Every structure is written in C-alpha cells, then in structure tokens.
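Here's the structure we're looking at; comments come further down.
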Amino acid sequence: APVPAAASPPRASGPPPLGPSSSVPRVESGGQGTAAGEQSSEDILQRPVPAATVLVPLQEALAACRPTVQKQVCDDIGRRLVVLEDAWAQGKLSAPVRKRMSLLVQELQQQHWDTADEIHRSLMVDHVNEVSQWLVGVKRLIAETRSLPGNLPDVEPAE
C-alpha cells in the first residue's frame, strides 16, 4: 500500500535556495524565541494597521517637501499616495505589506533614512505586484525628505 505523503520523512535536499531577498530581515517570521511579555511578530501581524497611521505621516512629509521640491515631483508623489490610499481602503494590501509600510513610516519619522530605504527595498523584492504602482512615490518621498534642509524635526523644539 502507498504510504501517505504526511507519514514519509521529509527528504533533505540541501539548504533552501537563497534569493535576492535573503539578506533582508523577514518581518513575517514566526514568533519563536520571544521573551515573556513581548508580542510575537505573528500577533503584531494579525492586528490590522489603520491606514491613517501610514498615510497621515506620508502626507505630512510630502507637505514638508513642497516648499523646496519641484511641484511636478510633489504632484507625482501625491498621486502615488492616493493610489496607496485607495488600495488600502479597498483591502487590496496584504497584512505583511501594511505592517512593513507602518514600520517604514516609523523609521521615516525617526529620520532613520537607511532603515526606511531597506524596508522599501524588501517590499519591492517580496511584494512587487502589490506595491509597484505606489512604492516608487514612497521611495522618492524618503529621498526628498532626507535631503530637506535640517530634515524633518520629530518634535517641535522646546523654547
């Protein structure tokens, strides 16, 4: 009698193939090894990310760029943010994409430009079909925000 596939031991076929995204930290990785009290990334991924937590800071960053960045560039970024907003509102974005965008925005707000850029690249590699129409605008926004005179202060300076 044939042995059901589930009962046969897995065949060792060497290490899994390493793709171009192998160096990018995986946001979706399981929650093994988390200390008590910490939330696993699984739990965090299950919670819905409100669109405003991502879109409002991106729109604020765009507004900050408008005085110094060419109108055409800002308008293009703005159009792409609308595409992102629509895709989000229509439920077209998967949980990993929404979560990574949330992380990207947090890094942007803290002026961690390289980390924000890294997250942008991981989205392009892992979710290109989902993000290709609007992520270019986010990339440009990161670049323009980064090059603003004095960057964007995270908080108003105290008097």
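Remember, predicted model here, so these are calculated numbers, not experimental data.
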Taking side chain as C-beta onward, heavy atoms only, is L104 less than 4.5 Å from I142? yes
Output side-chain donor-acceptor pairs under 3.5 Å for residues 74-82, partner residues at least two apart or in another chain, one line each.
from	atom 1	to	atom 2	distance (Å)
D75	OD1	R66	NH1	3.1
D75	OD2	K71	NZ	2.6
D76	OD2	R80	NE	3.1
R80	NH1	Q133	O	2.9

State the OG-CG distance between S94 and N129, to the nearest 0.5 angstrom. 11.0 Å
Which distance, rounded to the nearest 0.5 Å, do you find between the CE of M124 and the OG of S132? 6.5 Å
Indicate yes or no: at least one non-hydrogen side-chain atom of M101 is less than 4.5 angstrom from one of W134. yes
Working for side chain to side chain contact (heavy atoms under 4.5 Å, CB included), residues V138 and H120: CA-CA 8 Å; V138 173; H120 146 266; 5.5 Å; no
So if you build clusters from Ile, Leu, Val, Met, Phe, Trp, Tyr with side-chain heavy-atom gaps below 4.5 Å, do L141 and V83 land together? yes
Could you give the distance from CG (L103) to CG (L108), rounded to the nearest 0.5 Å? 12.5 Å
To the nearest 0.5 Å, what is the distance between OG1 (T53) and CD (Q106)? 8.0 Å
Would you check if the side chain of R98 reaches a backbone N or O of L93 as a donor-acceptor pair within less than 3.5 Å? yes
Below 4.0 angstrom, N of the basic side chain to O of the carboxylate: do D114 and R146 qualify? yes
For T68, check side-chain hydrogen bond (donor to acceptor under 3.5 Å, both in side chains) against everything at least two apart and list the hits. none
Using 0.5 Å steps for rounding, measure from the CG atom of L148 to the SG atom of C65. 4.5 Å
Show your working on side chain to side chain contact (heavy atoms under 4.5 Å, CB included) between E118 and H112 and close with a plain yes or no. CA-CA 10 Å; E118 192 95 349; H112 298 161; over 6 Å; no
Identify whether the distance between the nearest side-chain nitrogen and carboxylate oxygen of D126 and R100 falls below 4.0 Å. yes
When you look at CD of Q90, are more than 12 heavy atoms from neighbouring residues, nucleotides or ligands closer to it than 6.0 Å? yes
Which of these passes side chain to side chain contact (heavy atoms under 4.5 Å, CB included) with V97: V49, V131, L84, L135? V131
Starting at CG of L123, measure out to CD of E130 and round the result to the nearest 0.5 Å. 9.0 Å
Do V136 and V54 share a hydrophobic cluster (ILVMFWY, side-chain heavy atoms under 4.5 Å, transitive)? no
